[in-house]
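Comments concern the structure below.
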Amino acid sequence: MKRIRNSAAIREAKRIRCQHCCGTYGLQVHHIVSLSLRGDDLAMNLITLCASCHQAAHLRRTPRAELWRCLGIEPEEWQAYLREKGMKL
């Protein structure tokens, strides 16, 4: 899998829009599985969100499955990723 570390490159690669609401203001890169939970900088674990959607993701108002769906990642892929990290589905 492609590893991306530069947040500017991530925003550019993801078309400079919030991938959840399509907004363009206050964009931030979000780790779907946080680094503290053994998440990493793989492209499938990173999503560009506006500040509002980013806050909702951190407050768990937006489920991880929904964020992965926004990226077009199939359930089998993200479920395997979570298993690899030792996390419950």
Side-chain angles (χ1 to χ4, degrees):
M1 295 192 154
K2 187 175 180 183
R3 184 174 298 273
I4 302 175
R5 292 198 181 268
N6 181 317
S7 62
I10 294 163
R11 285 193 300 273
E12 179 61 30
K14 299 198 177 184
R15 297 187 197 117
I16 313 178
R17 288 196 174 274
C18 174
Q19 292 179 277
H20 189 252
C21 74
C22 295
T24 58
Y25 182 74
L27 298 177
Q28 304 167 0
V29 176
H30 174 68
H31 288 84
I32 298 172
V33 175
S34 68
L35 298 174
S36 65
L37 294 175
R38 297 179 42 198
D40 49 34
D41 294 319
L42 293 176
M44 78 170 293
N45 191 42
L46 299 170
I47 187 168
T48 302
L49 299 173
C50 67
S52 178
C53 290
H54 195 189
Q55 182 179 23
H58 277 281
L59 295 174
R60 304 269 191 253
R61 292 184 190 141
T62 308
R64 288 183 181 124
E66 186 175 330
L67 297 175
W68 275 311
R69 194 170 27 257
C70 292
L71 293 175
I73 297 173
E74 299 295 324
E76 298 79 24
E77 266 189 276
W78 61 258
Q79 289 167 358
Y81 179 79
L82 291 177
R83 279 193 296 277
E84 177 186 305
K85 301 296 174 190
M87 299 180 72
K88 293 181 181 179
L89 301 179

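All values below come from the heavy atoms of this structure, side chains included, with hydrogens, waters and symmetry mates left out. Fair warning: this is a prediction, and the values are worked out from it, not measured in the lab.
- Looking at Lys85 and Leu37, their side chains never come closer than 4.5 Å, going by heavy atoms from C-beta outward.
- Between the CD1 atom in Ile32 and the CG atom in Leu71 there is a gap of 5.0 Å [rounded to 0.5 Å].
- Under the side-chain contact (heavy atoms from CB on, under 4.5 Å) criterion, Thr24 pairs with Arg17, not counting sequence neighbours.
- Under a 3.5 Å cut-off, the side chain of Asn45 and the backbone N or O of Val33 do form a donor-acceptor pair.
- In this model, a donor atom of one side chain and an acceptor atom of the other lie less than 3.5 Å apart for His31 and Asp41.
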Stepwise side chain to side chain contact (heavy atoms under 4.5 Å, CB included) test for Val29 and Ile47: CA-CA 6 Å; Val29 176; Ile47 187 168; over 6 Å; no

Which donor-acceptor pairs under 3.5 Å do the side chains of residues 52-59 make with protein atoms, sequence neighbours left out?
from, atom 1, to, atom 2, distance (Å)
His54, ND1, Gln28, OE1, 2.3
His54, NE2, His30, ND1, 3.2
His54, NE2, His58, NE2, 3.1
His58, NE2, His30, ND1, 3.4

Full working for side chain to side chain contact (heavy atoms under 4.5 Å, CB included) between Leu27 and Ile16: CA-CA 8 Å; Leu27 298 177; Ile16 313 178; 3.7 Å; yes

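- No donor-acceptor pair under 3.5 Å is formed between the side chain of Gln19 and the backbone N or O of Cys70.
- Applying the side-chain hydrogen bond (donor to acceptor under 3.5 Å, both in side chains) definition to pairs two or more places apart or across chains, those involving residues 59-75 are His20-Glu66.
- Distance check: Glu84 CD to Trp78 CH2 gives 15.0 Å after rounding to the nearest 0.5 Å.
- Between Leu42 and Tyr81, the closest side-chain pair of non-hydrogen atoms falls below 4.5 Å.
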